[in-house]
Amino acid sequence: MTQVETNRRERKKAVTRARIIEEATALFRRNGYQSTTIEDITEAADVAPRTFYSYFDAKVDVALAQFEEWARHHVEAMEARPAGESPVEMAAGALDVLTSMGYVTSRRLRDENGIPFPPIAVAVLLSETEPEVAGRVYQVMVSFQTRMTELFRNRLGYPIGALEPRIIAASMTATWLVAVYGFADVAAGTSDPPSTDELGLAGLRAYSDGLSALWEGRLGH
């Protein structure tokens with residue numbers, strides 16, 4: 001097999017995998033996780049069951065595929081940012097990299113009202129009601145936060161055991177949840193909501209400004 005043929009085959013596999021993820025996400029969103037079967041997914045994606053299992057071992061794997069990949073690539077992009085950047089600058093640069101990799105997911109799927117919903121957000125929202133999804137989401141978030149803690153500890157020269165890099169890393173993890181749950185609220189009020197990435201950056205900027213800016217500034221209103 002030539003290199004051109006190999007590349008074509010890999011592109012075809014990537015397209016098939018993406019289609020399975022998107023069709024599964026649409027079914028989870030419309031019918032619920034428990035009510036969606038692998039047979040439903042393969043029929044919607046127009047693939048054979050054996051094709052599904054060549055990409056995923058189980059339903060939970062397809063539900064979390066993009067979320068897990070996004071988390072891994074996010075960490076790698078953060079680790080590649082130049083020294084001297086603030087957490088907000090690092091996150092903005094990392095999200096630009098993720099966008100260039102194709103993680104512009106807030107526009108790829110839309111519900112019956114035309115509101116976009118990204119597979120990453122759907123995966124996290126499923127964790128509210130589905131224990132097997134919740135367990136995996138928690139593992140991903142813990143792994144992400146652990147690597148972020150180590151990144152900030154090394155960048156800032158904190159000793160092992162210091163709380164400060166863990167606090168910074170926790171703010172990164174928290175902005176995930178702000179973006180995901182905030183997206184659902186914002187999307188309900190507009191047909192053209194910002195992306196989850198944009199919401200995440202807004203949340204991170206608020207964290208960087210401090211709780212006092214969010215709390216004390218509103219007490220007099």
Side-chain angles (χ1 to χ4, degrees), residues 8-76 95 98-144 173 176-188 191 193-200:
R8 185 181 300 117
R9 182 180 181 183
E10 290 304 312
R11 287 196 299 270
K12 184 177 179 180
K13 288 171 62 176
V15 169
T16 299
R17 188 175 186 276
R19 186 168 71 251
I20 293 172
I21 292 172
E22 292 198 2
E23 293 296 345
T25 302
L27 288 168
F28 296 148
R29 174 85 173 188
R30 184 170 63 248
N31 302 331
Y33 181 79
Q34 293 295 338
S35 297
T36 299
T37 66
I38 290 176
E39 182 179 358
D40 294 332
I41 296 170
T42 56
E43 183 176 346
D46 194 25
V47 299
R50 66 178 180 275
T51 301
F52 176 92
Y53 286 110
S54 69
Y55 293 97
F56 307 102
D57 292 329
K59 186 167 65 172
V60 68
D61 295 315
V62 69
L64 292 174
Q66 195 173 74
F67 174 68
E68 292 178 335
E69 292 169 0
W70 183 88
R72 183 177 70 255
H73 289 143
H74 192 174
V75 170
E76 293 170 353
L95 291 174
L98 294 177
T99 297
S100 71
M101 295 173 69
Y103 286 102
V104 186
T105 58
S106 62
R107 302 287 194 265
R108 290 170 66 178
L109 294 169
R110 292 179 181 269
D111 63 17
E112 64 277 4
N113 297 315
I115 302 299
F117 57 95
I120 294 170
V122 172
V124 177
L125 293 174
L126 284 175
S127 68
E128 289 188 316
T129 57
E130 306 301 333
E132 69 172 347
V133 176
R136 286 275 286 275
V137 167
Y138 178 76
Q139 288 178 331
V140 172
M141 294 179 72
V142 168
S143 177
F144 177 86
T173 307
W176 272 7
L177 300 180
V178 169
V180 169
Y181 291 103
F183 181 84
D185 294 336
V186 174
S191 60
S195 70
T196 50
D197 288 351
E198 291 169 322
L199 288 173

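Counting heavy-atom neighbours within 6.0 Å of E43 CD, excluding the residue itself, gives a total of 12 or less.
Considering only residues two or more places apart in sequence or on other chains, D40 meets the side chain to side chain donor-acceptor pair (under 3.5 Å) condition with T37.
With rounding to the nearest 0.5 angstrom, the CG atom of D61 is 12.0 Å from the CD1 atom of I20. Atoms CD and OG1, from E23 and T42 in turn, are 11.0 Å apart once rounded to the nearest 0.5 Å. Within the model, atoms OG1 of T36 and CD1 of I41 stand 6.5 Å from one another, a figure rounded to the nearest 0.5 Å.
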task: Apply side chain to side chain contact (heavy atoms under 4.5 Å, CB included) to the pair M101 and L98, showing each step before the final yes or no.
output: CA-CA 5 Å; M101 295 173 69; L98 294 177; 4.2 Å; yes

Stepwise side chain to side chain contact (heavy atoms under 4.5 Å, CB included) check, F28 with V62: CA-CA 11 Å; F28 296 148; V62 69; 4.2 Å; yes

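Each of E10, E69, E22 was evaluated against R17; a single residue qualifies, E69, per the salt bridge (charged side-chain N to carboxylate O under 4.0 Å, His left out) test. Test R136, R72, M141 against F67 for side chain to side chain contact (heavy atoms under 4.5 Å, CB included) and you get one pass: M141.
A salt bridge does not link E132 to K59: none of the charged side-chain nitrogens sits closer than 4.0 Å to a carboxylate oxygen.
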Extract all donor-acceptor atom pairs below 3.5 Å that involve side chains of residues 44-56 and protein atoms in other chains or at least two apart in sequence.
{"from": "S54", "atom 1": "OG", "to": "T51", "atom 2": "O", "distance (Å)": "2.5"}
{"from": "Y55", "atom 1": "OH", "to": "K13", "atom 2": "O", "distance (Å)": "3.3"}

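Not one N or O on the side chain of S143 forms a donor-acceptor pair closer than 3.5 Å with the backbone of Q139.
Smallest separation of non-hydrogen atoms from A123 and L64: CB-CD2, 3.5 Å.
At a threshold of 4.5 Å between non-hydrogen side-chain atoms, the residues Y33 and T129 do not count as touching.
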